[in-house]
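Here the structure is laid out as structure tokens; the discussion comes afterwards.
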Protein chains: 2
Amino acid sequence: MALTDTNSWTGIREELLRRIHDRVWEPGAQIPHEADLAEEFGCARTTVNRALRDLAESGLVIRKRRAGTRVALNPPQRATLTIPIIREEVEALGKTYRHSLLERAYQPVPPMLHGVFHASLGEDVLYLKTLHFADERPYAFEERHINLDTVPEARQRKFEVSSANEWLVHNAPYSRGDLSFSALNANEDTARILDCTQGTALFAMERITWTGDAPITHVKLIFAPGYRMRSTI
Amino acid sequence: MALTDTNSWTGIREELLRRIHDRVWEPGAQIPHEADLAEEFGCARTTVNRALRDLAESGLVIRKRRAGTRVALNPPQRATLTIPIIREEVEALGKTYRHSLLERAYQPVPPMLHGVFHASLGEDVLYLKTLHFADERPYAFEERHINLDTVPEARQRKFEVSSANEWLVHNAPYSRGDLSFSALNANEDTARILDCTQGTALFAMERITWTGDAPITHVKLIFAPGYRMRSTI
DNA sequence: AAGTGGTCTAGACCACACG
DNA sequence: GTGTGGTCTAGACCACTTC
């Protein structure tokens, strides 16, 4: 007997989850068809479908047409990271946000990005160096390249008041992006900028975004010592 | 005129996305009701609902009963990280995986975890130190605490052959978890174990998982120098 | 060829939040 | 109260994949 509503899709999801956790259905085993489950729970197939679709999204079951639904053998451990706008992240900590534009220049595409910004190899990109502060202490150091082929309007922007990140989010929405996280030792420049000792381990995030096939921007964020990126599963 | 099917929910999602990207609907603006859109596209409301629900999940629109649907002002940048089992990650690189159990001991709950493992304060936890190799080179160093209240069967396991991670995934599925990433400098021990020089910046991941309210395990993984965690948006 | 999940419909009622 | 999204139903056809 189920304790939860078996008529709501969330209730059905709970019951299915229970059976998986309690190994009523073993990992790798096939589970009953939607139609059978619908009959068992006394609801429409659509409702069972909704519950199963949700479990499939979280990776707990694998669904294939004709082959049916199976409990995943190695449930991938997925986590949804929410990457906040730095201003909001700082303000959520109850601190005062400020940023300062350290450099703004037109440069040829740096070698590191040749493979990515190939479309605009002949053209300069807009290079920005920004320092983000929380309560007047360095919080993160940002280096950014903006593809002027894709976002020519960026030429008119100084990015002194509103940050490039916020402007781009509103004016050049991306359709996909690559993201990577790493650790690096503070070099002389970085240590000076972030006000820490050289060699300190720093958390870095790199991101490249596209709209369709056209790259928009590349950002590298290096956070001040002690930064942690958190998430829940 | 839409190029995509306006009768499939994905087609409708594309068209809605286009209107948001092209600022037909400005950030913050309210968009037409489901019923109106259904009429416009000549489909059932359910189908529009499916498309809008998908956009809401990715954070592009905000939906509220009675208040309607609005284009998000600051679309949060969400990324789904897939945290692989280390063996699979290494094997996907075309390298040979091996791991070695450095220590296995019963210990009191370490102070760091007092807030988390409170349920079992009187009891010992199982402490495991494991080194993961890729092609015989250190890949990641793992420290783990297992709550024996929640998973008493772990006492019988040596964890020499199959890793604790894989065993737990199959035998103590979790319902939720906290995850964090950070950067740290290699100390003397870590440097020796990972075969790098002291002070090197290392990428670290920490994870605590629960089943219901009972904590299952705490893991701290420190990766060898140069590790990058990648994802797409 | 046939069985399974994927999707769509038309209609209905409900839950919530705003006025 | 009232309008909006949230969900459920019963039925239907479709698309993919394995047999």
Side-chain angles (χ1 to χ4, degrees), chain A residues 2-17 19-20 24-73 75-76, chain B residues 2-17 19-20 24-73 75-76:
Chain A
L3 299 166
T4 43
D5 261 342
T6 48
N7 257 8
S8 72
W9 73 269
T10 45
I12 289 174
R13 182 186 56 187
E14 290 318 304
E15 173 59 14
L16 299 178
L17 257 176
R19 294 188 189 179
I20 292 172
V24 177
W25 297 323
E26 308 248 326
Q30 191 168 342
I31 76 179
H33 314 148
E34 292 189 349
D36 289 352
L37 289 169
E39 195 183 356
E40 179 191 342
F41 292 126
C43 68
R45 183 164 77 92
T46 319
T47 310
V48 173
N49 181 285
R50 182 87 158 83
L52 280 172
R53 187 154 33 85
D54 194 78
L55 292 180
E57 263 169 33
S58 67
L60 255 114
V61 302
I62 315 280
R63 319 195 74 196
K64 276 192 206 143
R65 285 168 147 123
R66 167 83 205 207
T69 304
R70 293 179 171 279
V71 180
L73 269 176
Chain B
L3 299 165
T4 42
D5 261 340
T6 49
N7 257 9
S8 72
W9 73 269
T10 47
I12 290 173
R13 182 187 54 187
E14 288 319 302
E15 173 60 14
L16 299 178
L17 257 177
R19 294 187 191 178
I20 293 172
V24 177
W25 297 323
E26 306 248 327
Q30 190 167 344
I31 76 179
H33 315 147
E34 292 189 349
D36 291 350
L37 289 169
E39 194 183 356
E40 179 193 340
F41 292 126
C43 69
R45 182 165 78 92
T46 320
T47 310
V48 173
N49 181 285
R50 182 88 158 85
L52 281 171
R53 188 154 32 86
D54 193 78
L55 292 179
E57 263 169 32
S58 67
L60 256 114
V61 302
I62 314 281
R63 319 196 73 197
K64 276 193 209 143
R65 286 170 146 120
R66 167 83 203 202
T69 304
R70 295 181 171 277
V71 180
L73 269 176

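Just so we're clear, the structure is a prediction, and the values are computed from it rather than from any experiment. Proteins get letters first, then strands, A, B, ... in listed order; numbering begins at 1 in each.
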*Side-chain contact, heavy-atom cut-off 4.5 Å: B:W25 with B:L16?*
yes

Sequence neighbours excluded, the answer for salt bridge (Lys or Arg N to Asp or Glu O under 4.0 Å) partners of A:R63 is A:E34

Among the nucleotides D:dC8, D:dG5, C:dC8, whichever has the atom closest to the side chain of B:T46 is D:dC8

Here the distance between atom P of C:dG3 and atom CD of A:Q30, to the nearest Å, is 14 Å

In whole angstroms, the gap separating C1' of D:dG3 from CG of B:D36 amounts to 12 Å

message: Can you tell me if B:T69 touches the phosphate of D:dG5, counting only side-chain N or O atoms and a distance under 4.0 Å to OP1 or OP2?
response: yes

In whole angstroms, the gap separating P of C:dG3 from CZ of A:R63 amounts to 18 Å

In whole angstroms, the gap separating P of C:dG6 from CG of A:D54 amounts to 13 Å

Show the numbers, then the answer: is there a salt bridge (Lys or Arg N to Asp or Glu O under 4.0 Å) between B:R19 and B:E40?
-> CA-CA 14 Å; B:R19 294 187 191 178; B:E40 179 193 340; 2.6 Å; yes

Between CD of A:E34 and P of D:dC13 the distance, given in whole Å, is 18 Å

B:R13 atom CZ is separated from C:dT7 atom C1', nearest whole Å, by 14 Å

### Message
Using only atom types and a distance under 3.5 Å, with no angle test, would you say the side chain of B:R13 pairs donor to acceptor with the backbone of B:A51?
### Response
no

Please state whether the base of C:dT7 and the side chain of A:R45 form at least one donor-acceptor pair under 3.5 Å?
-> yes

Of B:H33 and A:R50, the one whose closest nucleotide on DNA chain D sits nearer the 5' end is B:H33

Heavy-atom contacts, protein to nucleotides 14-19 of chain C, under 4.0 Å, summarised as B (base), S (sugar-phosphate only) or - (none) per nt, yield -BBBB-

In whole angstroms, the gap separating P of C:dT4 from CG of A:L52 amounts to 14 Å

Does A:N49 make a side-chain N or O approach to OP1 or OP2 of C:dT7 shorter than 4.0 Å?
no

* Min side-chain heavy-atom separation B:V61-B:I20 under 4.5 Å -> yes

Considering only NZ, NE, NH1 and NH2 on the basic side and carboxylate oxygens on the acidic side, decide whether B:E57 and A:R53 come within less than 4.0 Å.
no

A:E39 atom CD is separated from D:dG11 atom C1', nearest whole Å, by 16 Å

Crowding at CD, A:Q30 (>12 non-hydrogen neighbours, <6.0 Å):
yes

